[in-house]
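Accompanying notes for the structure given below.
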Amino acid sequence: MKKLSIYSVTLFMAFFLSCSEEFLTKAPLGSTSENVFYSKKGIDALLIGTYSMVRGSALWDVSWGASIQNWTYGSVASDDAYKGSEITDQTPVNDIEKWAVTPTNGYPADKWKLCFGMGVFRANKVLNVIKKTEADGTITAAQATQFRAETKFLRGLFNFEARLVFGDYIPILTEETVDPTTVKNVNADGVVLANIIADLKYAWENLPETQAQVGRPTKYAAMALAARAYLQDLKYAEAKPLLDNIIASNKYSLMPKFIQNFEIETNNNAESIFEIQANVNDINESLNAEMGIGLNWPHGGDIGMCCGFHQPSQNLVNAYKVDANGLPLFGTFNDVDLKNDQGISSGADFVPATDLVDPRLDFTVSRRGIPYKDWGINRGADWQRKQSEGGPYLPVPKPFFKKSQRYTLSTTTGWQTGINANNFRYLRFGHILLWRAEVAASEGDLAKALTLVNQIRTRAGNDFVKGKVKITKLPSTVYPWGADGDVDFTLPAANYKIGSYTAFATKEDAMNAVQWEQRLEFATEGMRFFDLRRWDKLPNKIGGKSMAQILNGFATADLRIRQIMTGATFAEGDKFQPVPQSQIDLQPGVLEQRPDYK
Amino acid sequence: MKQRNLIFLPKGNWARMLFSLVLLMVLMTGMAFAQQKTITGKVLDESGASIPGVSVLVKGTTVGTVTDIDGKYSLNAPSNSATLNFGFVGMISQDVAIGQKTVINVTMKTEVVGVDEVVVVGYGTRKKEELTGAISTVSDKQLKTSTASSVMTRLQGQVSGVNVTTSNRPGGEPTIRIRGVGTINDSNPLYVIDGVPVGPGNNINPNDIESISILKDASSTAIYGARGANGVVIITTKRGKKNQEPSVTFSVKTGIQQATNQYNMLNTKEYGEALWLAYKNNGTTPNHLQYGNGTTPVIPDYIKPAGAKEGSAGVNPNLYSYPDYQIYKANKNGTNWYDEIYRTGKIQEYDLAVAGGGEKSTYSFSGNYYDEEGILNNTDFKRYTFRINSDAKFNDWFKAGESLQAIYINQHGNLDDNGEGTPISQAYRAQPIIPVYDIMGKYAGSSAKEMGNAENPVAQLDRAKNNQGQWVRVMGSLFAEAYLMEGLTAKSLLGFNFGQWNYKGYVLPNFEHSEPNKVNGLNVDSNYELQWNWSNTLHYNKTFAEVHNLDVIIGAEAIQNKDQKMSASRRQYFSENPDYMQLDAGELNKENGGNGSEWSMFSTFGRFDYNYKSKYFLEGTVRRDGSSRFSKANRYGVFPAAAAAWTVSEENFMAQTKTWLSYLKLRAGWGVSGNDRVGNYNSYTTFASNSYTAAYAIDGSNTSAVVGFRPSALGNENVSWETTKTINLGVDASLFDKKLTMALDLWDRKTSDMLYPLPIPNVSGVLGAPSINIGEMKNKGIDLQLGYNNSLMSGQFKYSVNLTMSKYVNEIVRISNDETLKIEAGSLRQMNYTRFTKGSAYPEFFGYIVDGIFQTDAEAAAYFPYGTTTYNKAGHFKFRDVNGDKKITPDDRTFIGSPHPDFTGGLSIDLSYKNFDLNMFFYGSYGNKIVNYVTRWIDYGMFNGGLSRKALYESWGSPYLANKADAKLPMLDQNDISQQPSTAFLEDGSFLRMKSLRLGYTVPSSVLSKVQIKSLRFYVQATNLFTMTKYGGLDPELNSSGDSMGLDQGAWPTPRQIMFGLTLGL
């Protein structure tokens, strides 16, 4: 018994002391630490993770407010489009639409999060890893430079996007920044732009003219983005050589048809300079396309997806009206609305307008009685979510796909089945030409401006929507094309006309035409608000009107369609979004709110 | 464990007879030669039933007998005998003077509080009288007060200091908080079943439980070290007793349950009126695709096609084609969606338990089947449990035993709770005009124009009917115990806990929905968890010089836990037959995922207890833990505790109070315990690949992305566990012959080094922020338990009343180095309702203060503007300018109320008369607030869903209100600013609920003995008979915790059950 006791106690003591450190060391499973990435393969893996953020979304980490297409700040806040859907859905966008944003609005907070927390942050991580890996000698100086150039392009892009929305009230964060939380967001004039340009300059000096993988930026992508950055501050002289360089490279040309900039089958085409790559169906509810526009699909009827946001405005539709020469109705375009089916049920008679319109209208806007891609005839109210609040037009069609591509090139599952493999042409040759035309107009080089604008208009005349409807009632029973003979596919769907300008009389006329052309060509692509903002600083502003006059005029006239804009007033202080209150709360004394929002 | 330290005498006549005979023979030997006097009589219990087997002893002699089957005895006592003693297990023994009597009849009373009640504590047991810490026990009887399937739910109101908020889903688990909210991290207590630590979960058959001990203060939980800070619940299952005849207990319970409450919604006609009211309020012309555009709303005959009339071309059934052309008739009276989704659920339970034992071994085994249908269509929960416990004693120094439990849970249907997408919520979000079915019997829904975006909840429940969750758990322990020398025992216990969770969820197209999913699919999960623990203890217990009682335990324990998760999904199946829908048959989106994690812990511990004459008690505990959850440098921690107690009533100077004060003990304790449940890998900075957030089609592919890496978590090596220091002062007393018992504890807990993943600003990256030891939280409170029991009518009528009251005050002392930091909970539809900061509780409600409604535009115009908006006008809220800057900005939001109750309490009343017994149980909470988020949908009209009657009849400007000033709601106009979090959403959540009423009848043993049945009892029980509350939602008892505590998004309401049961003992 005594022996047993001693034996047992010894056994106990052994157990007490036996436990090794190994037993208590449990490293995470399924993840890894930074040192794994100190190689060429590792850097590329981290770089892909950074590219991933140019999609402007990351599952639920950030969503609609971070959209790379800026459909809220760039489009809904302008005269191009409405929030759409219903007034009770995504209410923070009501405030963006009505220029009544407060600092607690969650949408700008998403944009900030994407640009800094996911974009700039990841880019800086990659730059640090490149530095270490280069210093170790694991990669060559040339390889390091290539990686660095791509990464800096991305960092420049995220900073550019942030500046579009927040202006100069953003922190400048680099790979050298020791503690990002102490970096203030009040900057001297020009510093923020200079920082963006510095990154892009490094990129254009070191990136190749072409890339084996189409998703990676080239030298010209960096130049194009830098040009756009300069244009925000009307720095025409700085933008001009970059634009000329791109044109002179002869690497790019306009696609034969306008619509080819918005079709999946012509992703990464001859006109593309930098596209945001989208893919679907590698995983469920595939959000490797841009989820930022995940709400912006037709909502009603048999086409129904979700959720009917971002519907073109009547003002935009009116802008496509042309005179007998196929030229815009600059001063009078919005006096009378192009006929629409607001308040008319699908079962009631409606004859589409017979006015002359720019053919780009029906590629940019889907209206009743006009065939919508291959989805059938737009049946009006039955396909709309709520006309009285979102107007008579379907969500903007440019990012949409064809019915024949459904479930193969669009997401199969979940409620966001509008998400598809259509790339967003972030920078394309069309931009370059019209920006160069703008530079020319500003310089008084009227001939150059004329040539470039007409080049765009000529291409726009190459194509139009075909299929004239002969029926005037389009209830759901007419599905999808109506009976045989209800649509005549040999005829244009509407009375299209587009003409070239013969000459510009003055510098102002030229600028006016260039501005109008940019609106028509890039409508609903999230640029309009920012374009109005920069043009507001031109001597003649926007065709002689200030941004406030344009937007307030739009709001007043829009009461003909909807009542949402009642009481909405655009003022100087609404040109930029507020610094997110949630971030100011986390960095008190460091981040400062824009004076307009204090 | 409650057991009486007397000879165990199994109930039932067979045993009693046998025992009586033996005793009789023994006693007879001493009787032979004295002068004798014959005394006869009968012994009855309080119900008047005779008690066989009662020992009747002439005091001071060995002369005695036992009562026979009819409770009668006859005894030849020496003629000089003065007193007879009557004794029986479980009854108060009685002395009766003999005097000149020859017939002595006695009524024996049940012993209510066992003097030598044994309580399970960490790694050991104590007599109740020896306790120094704050430990509550729950008896088998208390557990039977509730009919809930979950043991933890049954604890509600039974012990003080434990807050239990129930979940009403079938099989739902409650939230348990012991003494306030100890941390913003996992503040669940540690559960230990038969020596095996387990997570919270539906792990056990309540009928298997012998006892539950709840360790509340650090002096009792410090023995669990880094896992004890939020209290420990120790569950001990039933074991056989030595020399116990086999006993078989069979019980059956069956009944029904129904929902008792629904939201008060508008019907179709009223809904149209509300729409027209909103048009008017918004200053817009009525224009509705269904209700028309006239001066008054017109209910259409059909809603799909929109607004169609009977006989119009579009409603011709020949056009019907599913799913492309559905036709919905308008439900002109209005669909009551709650009537459509509620049903009467059946509940049944069968339980068989066997126990017994011989000289050297004991056994106990049981099987239980529990089947509950939920109050919502197609929901159910089935649980099968099996248990085997056995012990074997090999010789006088070695003993071994085991516990083994197997549980299988099988649940079906949509059991989602408290969220905007659940069937309960879709039922208030669906408009009344939508019929349940279209003209061909397929589901109808919000795809008709202007119908909002609610799912058809009937369809939702129907499509989820085959969704299945299955849970298998096998757990138990093996132990061996050796008596090494006098007083010294060594024990080794190896515990294991294996759990497997499988889920199969079907995705079926919902074409009738306004945001439809049109492709079918399947989601499957398969997760397992495996844990072992090995503990070794040396226990020394000895009494020196008859007055010094010493009890020392030292031990070591190792635990390792590993889990693996796997999930897979597929889309597009050729057939929607649930048997066909297997992973292999899926055609698209073949997605698989999985991950795992593990942790381990090694600990040494010791405790010493000393008492002098059971009058003065001292206890000291220390535990040292090493945990894999922290970096090497911060891995080990030491948790000490000490406590003392003084049984004042044992002192000589208390002799004169003995007449009324039976027992008085003072306790004081101090201790430190910890919490390490903050994720397993807090110290590691990691990168991870992710197919969503780090993937990009860099090569231009349309259907595949190149997967890269992203920074996923920021680690912090300088982190260690939270420590909670508790001071506890307690008084235990019993008065008036132990009729009145009381336990009062005052406590103060301070959690320091509280781990908090301080939100990092975006500029530091969007990635998992590490927890750091930054916070401090205080909880202080009072726990009170009061009991009174007595009887009337010479014991035939017995009654007892037990009251528990718990109060705590929670406060965050520190959450960050930045004292002004305010942290918001996740947003619901872009709005945050709760927040916490230094000085607030965790959490509190945050928002504007509404000072009424503007009655005139002039009044509104004169008031401070709401930002730069045009919000101010008649019919809108008047928000208070809290900071006095003459404008209403987000800075005017403030803390507006707390979800924490001022106190909670339970009241249990037991009455019995003869063979009938009646139990009533009440539970209440006072002073807590609830944010009724549901009102944002139904009172304010978010998303054009269903509307409450209040929205039409009591909103500002309602034609039904004679006086606008009487309006309860602002103007119905769906204004976003009116929906900002404010006091308008805050409601008083206080309630008093009659949780249970049970009437039982025990068949007298005199009847049963004839059919050789040991016991038989019938009962009928009803739950939730009434609730007194001002709360407007479905149920003030809301199971939400953490930073969304008190936020009602539409939870399952408390059902009313009516149950019949019987228990049969053989």
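Just so we're on the same page: letters track the sequence lines, and every chain starts at 1. All values below were derived from every heavy atom in this structure, side-chain atoms included, with hydrogens, water molecules and symmetry-related copies excluded.
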Less than 4.5 Å to any heavy atom of chain B: does that hold for the side chain of A:Thr408, its backbone, both, or neither? backbone
Are B:Glu598 and B:Arg629 close enough for a salt bridge, meaning some N to O gap below 4.0 Å? no
Side chain / backbone / both / neither for B:Ile698 at chain A, heavy atoms under 4.5 Å: both
Is A:Ile87 close to chain B through its backbone or its side chain, or both, or neither, when contacts mean heavy atoms under 4.5 Å? side chain
What part of B:Asn702 gets closer than 4.5 Å to chain A, counting heavy atoms only: side chain, backbone, both or neither? both
Can you say whether B:Ser764 sits under 4.5 Å from chain A via the side chain, the backbone, both, or neither, judging by heavy atoms? both
Contacts of B:Arg624 that satisfy side chain to side chain donor-acceptor pair (under 3.5 Å) - sequence neighbours left out: none
A:Lys113 and A:Asp61 ion-paired at < 4.0 Å: no
Checking heavy atoms, do the side chain of B:Ala695, its backbone, both or neither come under 4.5 Å from chain A? both
Need one label for B:Ser683: side chain, backbone, both or neither, based on atoms under 4.5 Å from any heavy atom in chain A. neither
Of the backbone (N, CA, C, O) and the side chain (C-beta and beyond), which part of B:Ile977 lies under 4.5 Å from a heavy atom of chain A, both, or neither? neither
For A:Glu275, which atoms come within 4.5 Å of any heavy atom of chain B: side chain, backbone, both, or neither? backbone
If we define contacts as heavy-atom pairs under 4.5 Å, which of B:Ala688, B:Gly700, B:Ser816 has the most with chain A? B:Gly700
What residue, out of B:His513, B:Gln560, B:Arg570, B:Gln572, has the most heavy-atom pairs lying under 4.5 Å from chain A? B:Gln560
Please determine whether side chain to side chain donor-acceptor pair (under 3.5 Å) holds for the pair A:Gln581 and A:Tyr597, giving the CA-CA distance in whole Å, both sets of side-chain angles, and the decisive distance to 0.1 Å. CA-CA 10 Å; A:Gln581 188 65 38; A:Tyr597 290 95; over 6 Å; no
Would you verify whether the NZ or CZ of A:Lys26 falls within 45 degrees of the ring axis of A:Phe23 while also being under 6.0 Å from that six-membered ring's centre? yes
What part of A:Pro28 gets within 4.5 angstrom of chain B, counting heavy atoms only: side chain, backbone, both, or neither? both
Bottom line for B:Tyr684: the part with an atom under 4.5 Å from chain A's heavy atoms is side chain
Lys/Arg N to Asp/Glu carboxylate O, B:Arg571 vs B:Glu587, below 4.0 Å: no
Check each atom of B:Tyr325 against the heavy atoms of chain A and say whether the ones under 4.5 Å are side chain, backbone, both or neither. side chain
Indicate, with yes or no, if the rings of A:Phe37 and B:Phe709 have centres closer together than 6.0 Å. yes
For A:Asp95, is it the side chain, the backbone, both or neither that has a heavy atom under 4.5 Å from a heavy atom of chain B? side chain
What part of B:Tyr696 lies closer than 4.5 angstrom to a heavy atom of chain A: side chain, backbone, both or neither? both
Which one, B:Pro509, B:Ser514, B:Pro759, leads in non-hydrogen pairs under 4.5 Å with chain A? B:Ser514
Heavy-atom cut-off 4.5 Å, strictly under: side chain, backbone, both or neither for B:Pro516 against chain A? both
Counting only non-hydrogen atoms closer than 4.5 Å, does B:Ile823 touch chain A with its backbone (N, CA, C, O), its side chain (CB onward), both, or neither? neither
Side chain / backbone / both / neither for A:Val54 at chain B, heavy atoms under 4.5 Å: side chain
Heavy-atom proximity to chain A below 4.5 Å, by part of B:Val507: neither
